[in-house]
2 protein chains.
Amino acid sequence: MTLSNAEEQLMQLLWKKEKAFMKDLIDAYPDPKPATTTIATLLKRMQDKNFVDYVQYGRSREYFPLVKKKVYFSKQVNGMIKNFFNDSAAQFASFFTKETDLSQEELEDLKKLIDQRLKEERK
Amino acid sequence: MTLSNAEEQLMQLLWKKEKAFMKDLIDAYPDPKPATTTIATLLKRMQDKNFVDYVQYGRSREYFPLVKKKVYFSKQVNGMIKNFFNDSAAQFASFFTKETDLSQEELEDLKKLIDQRLKEERK
DNA sequence: GATTGTGTTCTACAAATGTAGAAATAAATT
DNA sequence: AATTTATTTCTACATTTGTAGAACACAATC
């Protein structure tokens with residue numbers, strides 16, 4: 001099951017806020033803001049897909065994500081790796097460092113990160 | 001303009017083959033193969049979106065991609081970076097190295113790659 | 001207690017997507 | 001020349017997506 005674009009956008013907002021009432025979500029949209037019924041529809045569809053749930057607070061609901069951004073994101077990336085790189089994360093990584101513009105500092109940081117990981121693995 | 005899932009799948013085949021007649025594309029699908037008219041429809045829609053073109057060879061057409069896999073892919077990644085990481089490729093990179101399972105060798109390779117890039121930049 | 005603000009549910013509808021039949025066409029083969 | 005094969009174009013139709021009005025509900029406020 002996947003989120004559509006509009007749903008994913010809304011999910012991003014929810015992830016950022018961790019939990020939110022409809023009003024907060026709509027406020028977070030840039031103008032022109034969608035109709036409340038639009039958001040209500042999206043939220044319901046997302047519930048059906050088991051991406052969000054809510055807690056009833058008095059008469060209104062506080063929504064929260066059922067899926068962690070990390071997990072969702074990983075699936076996205078893994079999908080791409082599968083589709084574009086024959087399932088090789090290394091190939092992806094190589095491509096990634098070549099084709100995105102990381103500044104020198106960013107490259108240094110990334111290198112440090114990899115070093116750390118390598119050290120950890122040696123333990 | 002984006003490709004739908006079915007379209008993207010077909011595009012992958014076309015990228016792999018570089019160019020192909022409809023028959024070749026359909027052959028490349030796993031069973032159950034889609035109807036030829038299905039593929040014809042997708043190809044036409046992809047033409048409309050300017051993702052493929054063809055050369056008329058006799059009575060039939062040899063299709064080829066108008067958009068490089070690299071370019072298409074970069075846009076995808078950049079979209080994700082924008083959505084998930086506030087436009088920071090570095091943040092993405094960090095996440096990526098943490099959350100995908102790169103083997104030790106792959107990490108080493110990636111490190112080498114980064115070193116090369118850093119050297120180049122210093123020239 | 002009447003009014004207002006918020007949220008929910010139901011319904012609707014246009015556009016996009018996934019899929020394919022029918023009919024036409026033309027090249028290749030018998 | 002008649003038949004078969006490959007392809008295309010047109011049309012169709014169910015599903016999903018993006019978007020929102022109408023109507024109802026209830027809590028807060030005047």
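Every chain is numbered from 1, with letters handed out A, B, ... down the list of sequences.
- Remark: Y57(B) is not in phosphate contact with dA6(D), judged by side-chain N or O atoms under 4.0 Å from OP1 or OP2.
- In this structure, F84(B) has its ring center no closer than 6.0 Å to that of F95(B).
- R61(B) has no side-chain polar atom (N or O) that falls below the 4.0 Å cut-off from OP1 or OP2 of dA27(C).
- The interatomic distance linking N5(A) (CG) with dA15(C) (P) rounds to 18 Å, in whole Å.
- In this structure, E7(B) atom CD and dT17(C) atom P are separated by 6 Å, rounded to whole Å.
- Clustering ILVMFWY residues whenever any of their side-chain heavy atoms sit less than 4.5 angstrom apart, transitively, puts I81(A) in the very cluster that holds L110(A).
- Contact check for M22(B) versus R61(B): no side-chain heavy atoms found under the 4.5 Å cut-off.
- If you take CG of L3(B) and C1' of dT17(C), they are 12 Å apart, rounded to a whole angstrom.
- More than 12 non-hydrogen atoms from other residues, nucleotides or ligands lie less than 6.0 angstrom from CG of D48(B).
- As a whole-Å value, the separation of Q56(A) CD from dA25(D) P is 15 Å.
- One finds no side-chain N or O of Y63(B) lying less than 4.0 angstrom from the OP1 or OP2 phosphate oxygen of dT7(D).
- Atom NZ in K23(A) sits roughly 5 Å away from atom P in dT6(C) (whole-Å rounding).
- Remark: C1' of dT19(D) and CG of L10(A) are 13 Å apart, rounded to the nearest angstrom.
- No salt bridge links D115(A) with K119(A); every basic N to acidic carboxylate O contact stays at or beyond 4.0 Å.
- Within a heavy-atom distance below 4.0 Å of DNA chain D, the residues of residues 32-55 of chain A found are P34(A), A35(A), T37(A), T38(A), T41(A), R45(A), K49(A).
- Atom CD in Q9(A) sits roughly 8 Å away from atom P in dT19(D) (whole-Å rounding).
- Ring pair W15(A)/Y72(A) is tilted by interplanar angle, where 30° to 60° counts as tilted.
- Phosphate proximity of dG18(D) to S4(A): present, with a side-chain N or O under 4.0 Å from OP1 or OP2.
- The nearest whole Å value for the distance from the CZ atom in F21(B) to the C1' atom in dT8(D) is 15 Å.
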Could you go step by step and tell me if F92(A) and F73(B) meet the ring-ring contact (aromatic ring centres under 6.0 Å, His included) rule?
CA-CA 10 Å; F92(A) 174 87; F73(B) 174 76; 5.7 Å; yes
